[in-house]
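All remarks here apply to the structure that follows.
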Amino acid sequence: MAENVKKYITSDELKKHNKPDDLWLSVQGKVYNVTEWAKIHPGGATPLLHLAGQDVTDAFIAFHPGSAWKHLDKFFTGYHLEDFQVSDVSKDYRKLVTQFAKSGMFEKKGHGVIYSLCFIALLFYACLYGVLYCNSFWIHMLSAAILGLAWMQVTYLGHDSGHYEIMMNRGFNKLAQIVTGNCLTGISIAWWKWTHNAHHVACNSLDHDPDLQHLPFFAVSSRLFQSLISQFYGRKLTFDSMARFLVSYQHLTFYPVMCVARVNLYVQTLLLLFSPKRKVPDRALNIFGILVFWTWFPLLLSRLPNWNERILFVLASFCVTSIQHIQFCLNHFAANVYVGAPKGNDWFEKQTSGTIDISCSPRMDWFFGGLQFQLEHHLFPRLPRCHFRNISPLVQDLCKKHNLPYRSLSFLDANKLTYRTLRTAAMEARDFSSPVPKNLLWEAVNTHG
């Protein structure tokens, strides 16, 4: 009889189990010890550590299919959360998830994958034909632009495969990830998963979300001037004199930097894959995929007649893909930010606060890859993109019901808002009332106005 009596702990007691060697979580009020599981968690240990010591029901529901629930039992500690409560927002959010699951929306992927694969194949064929069989400089530049567009579409497909299975089984899905990410774009799917999962869990946290940690080049908030500790990278985001100088002009350098932002992704990929300190799933397979890219891409460039055209070809392709980099920044840079770890009990609120949708015609959905519905994607990351436009009114109604922001701007207006955000932070960075170590270049340019 005594064995059937439930054991309880409080939320304050649960918070104490928030370290890598002592990691507990609560789902639906039941407490689980995931210390060992974190080491092999498919989504990486970082999301679990960000939410450690909390009830994470909404996040668990967002990222896991119904079949995942049965695996929780082996981690059950025997404890229940004594003060477990569910907010009205969470109740409505969970009802939506249940509604989508019952209607089979998480499994209904439409024909988007086939269409995307055919379109990508056509774009790569057009690029190869233009480089290999045409001698015109302008055809070569058009081929570069087509390659940039192909990279954008490949990225959307790789993104889809990272959130749900776009192929018939897990093995083929992993193959699709390596091909679309590593082989075709040169950006490791392992690096993407590492940063992207953390971004979803800690959306717009200045010290936990890697997608907002771009010092010394960019700072979306003056709170970054305090040299915060990045809980993702495990290092200080130093705001020194050089960072102040660069941030002071970030509203002017933003678009030029975006044109070459792809270089940073290549560097980040190599740093992760060849880091002896970090555990990388399928490291050898990822490295092989990167070698494939750095074989075919230089060979393609070698077929151009001279170095001037080769450099211009690379720049042209990068400039086209910069549209995608800019889009991702528009979704978050001008949204609300905060400092600290994400909380499991305000999942819906944090996603609405930290995202901005890009409004466009249905005819442009292919161009933005469904990610113009950024809030919808953050709330339902396993949902295939073909459903986002249909569920958008439901999300808007839920936001209106609970007095939460739902921001949807045109591409132009989103650019204007992001520019104002960057300029505001830039002007604050020029304030000498917060001194940093002196930099001669900064002094020379700014001391005399």
Side-chain angles (χ1 to χ4, degrees), residues 112-161 175-189 191-192 253-270 273 286-328 360-361 363-369 411 415:
V113 174
I114 297 298
Y115 294 153
S116 293
L117 287 172
C118 292
F119 185 43
I120 289 167
L122 180 62
L123 291 173
F124 272 100
Y125 174 79
C127 172
L128 291 173
Y129 185 88
V131 172
L132 300 179
Y133 297 102
C134 299
N135 296 320
S136 167
F137 168 82
W138 294 110
I139 294 295
H140 290 164
M141 293 304 102
L142 177 60
S143 298
I146 291 173
L147 178 60
L149 182 60
W151 279 338
M152 290 175 63
Q153 295 303 311
V154 168
T155 298
Y156 293 137
L157 200 59
H159 176 271
D160 291 345
S161 71
L175 178 63
Q177 292 174 350
I178 295 296
V179 171
T180 56
N182 301 51
C183 297
L184 294 182
T185 69
I187 300 169
S188 168
I189 190 67
W191 171 84
W192 177 85
T253 60
F254 174 68
Y255 293 103
V257 169
M258 287 298 104
C259 289
V260 292
R262 205 165 189 81
V263 175
N264 177 58
L265 303 185
Y266 295 146
V267 172
Q268 294 298 322
T269 284
L270 296 176
L273 293 184
N286 274 268
I287 292 176
F288 173 76
I290 295 300
L291 291 176
V292 170
F293 173 81
W294 288 111
T295 299
W296 74 259
F297 188 48
L299 283 174
L300 179 67
L301 295 177
S302 70
R303 299 303 299 267
L304 295 169
N306 54 63
W307 277 103
N308 286 338
E309 281 202 24
R310 291 167 191 157
I311 293 172
L312 289 173
F313 183 95
V314 171
L315 288 175
S317 62
F318 282 12
C319 284
V320 172
T321 58
S322 72
I323 299 172
Q324 187 177 68
H325 301 314
I326 291 169
Q327 175 194 342
F328 295 157
C360 70
S361 163
R363 289 175 294 182
M364 291 298 292
D365 285 353
W366 68 272
F367 186 78
F368 292 107
F411 189 75
N415 272 275

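Sequence positions, counted from 1, serve as the residue numbers for this chain.
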Donor-acceptor pairs under 3.5 Å, side chain of residues 122-130 to any protein atom, not counting sequence neighbours: which ones?
none

Can you list everything that forms a side-chain contact (heavy atoms from CB on, under 4.5 Å) with I311? Sequence neighbours excluded, please.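 With sequence neighbours excluded, I311 shows a side-chain contact (heavy atoms from CB on, under 4.5 Å) to L315, given in chain and number order.
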For L312, give me all partners under side-chain contact (heavy atoms from CB on, under 4.5 Å), at least two apart in sequence or on another chain.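 Here the qualifying residues are F137, M141.
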Ignoring hydrogens and geometry, is there a side-chain-to-backbone donor-acceptor pair from R310 to L304 under 3.5 Å?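 Present.
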Pairs satisfying salt bridge (charged side-chain N to carboxylate O under 4.0 Å, His left out), at least one member in residues 146-161, at least two apart: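 Applying salt bridge (charged side-chain N to carboxylate O under 4.0 Å, His left out) to every pair that reaches into residues 146-161, excluding sequence neighbours, yields D160-R385.
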Which residue pairs satisfy the salt bridge (charged side-chain N to carboxylate O under 4.0 Å, His left out) criterion with at least one member in residues 135-152, sequence neighbours excluded?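 Every pair satisfying salt bridge (charged side-chain N to carboxylate O under 4.0 Å, His left out) with a residue in residues 135-152: there are none.
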What distance do Q324 atom CD and H159 atom NE2 have between them, rounded to the nearest 0.5 Å?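 Here the rounded value is 10.0 Å.
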Just verifying a value: how many Å separate T180 OG1 and I187 CD1, rounded to the nearest 0.5 Å?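 T180 OG1 to I187 CD1: 10.5 Å, rounded to 0.5 Å.
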So, using ring pair (Phe, Tyr, Trp, His ring centres under 6.0 Å) as the criterion, who are the partners of [X] when residues are at least two apart?
{"X": "H325", "answer": "none"}
{"X": "Y156", "answer": "none"}
{"X": "W191", "answer": "none"}

Please list, chain by chain and in numerical order, all residues satisfying side chain to side chain donor-acceptor pair (under 3.5 Å) with [X], sequence neighbours excluded.
{"X": "Q268", "result": "N264"}
{"X": "R262", "result": "Y266"}
{"X": "N286", "result": "N182, S188"}

Could you label the plane-to-plane angle of the F293 and F297 rings as parallel, tilted or perpendicular, counting under 30° as parallel and over 60° as perpendicular?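 Geometry flag for F297 against F293: parallel rings.
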Please find the pair of heavy atoms, one from [X] and one from [Y], that lie closest to each other, and give the distance.
{"X": "L291", "Y": "T295", "value": "O-OG1, 2.7 Å"}
{"X": "I189", "Y": "Q177", "value": "CG1-CB, 3.7 Å"}
{"X": "V320", "Y": "G148", "value": "CG1-C, 3.7 Å"}
{"X": "G186", "Y": "I290", "value": "O-CD1, 3.4 Å"}
{"X": "L157", "Y": "L117", "value": "CD2-CD2, 3.4 Å"}

Any pair counted as side chain to side chain donor-acceptor pair (under 3.5 Å), so long as it reaches residues 133-151, sequence neighbours left out: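 Counting only pairs at least two positions apart or across chains, the side chain to side chain donor-acceptor pair (under 3.5 Å) contacts touching residues 133-151 are H140-E309.
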What do you reckon, are the aromatic ring centroids of F119 and W366 less than 6.0 Å apart?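 Yes.
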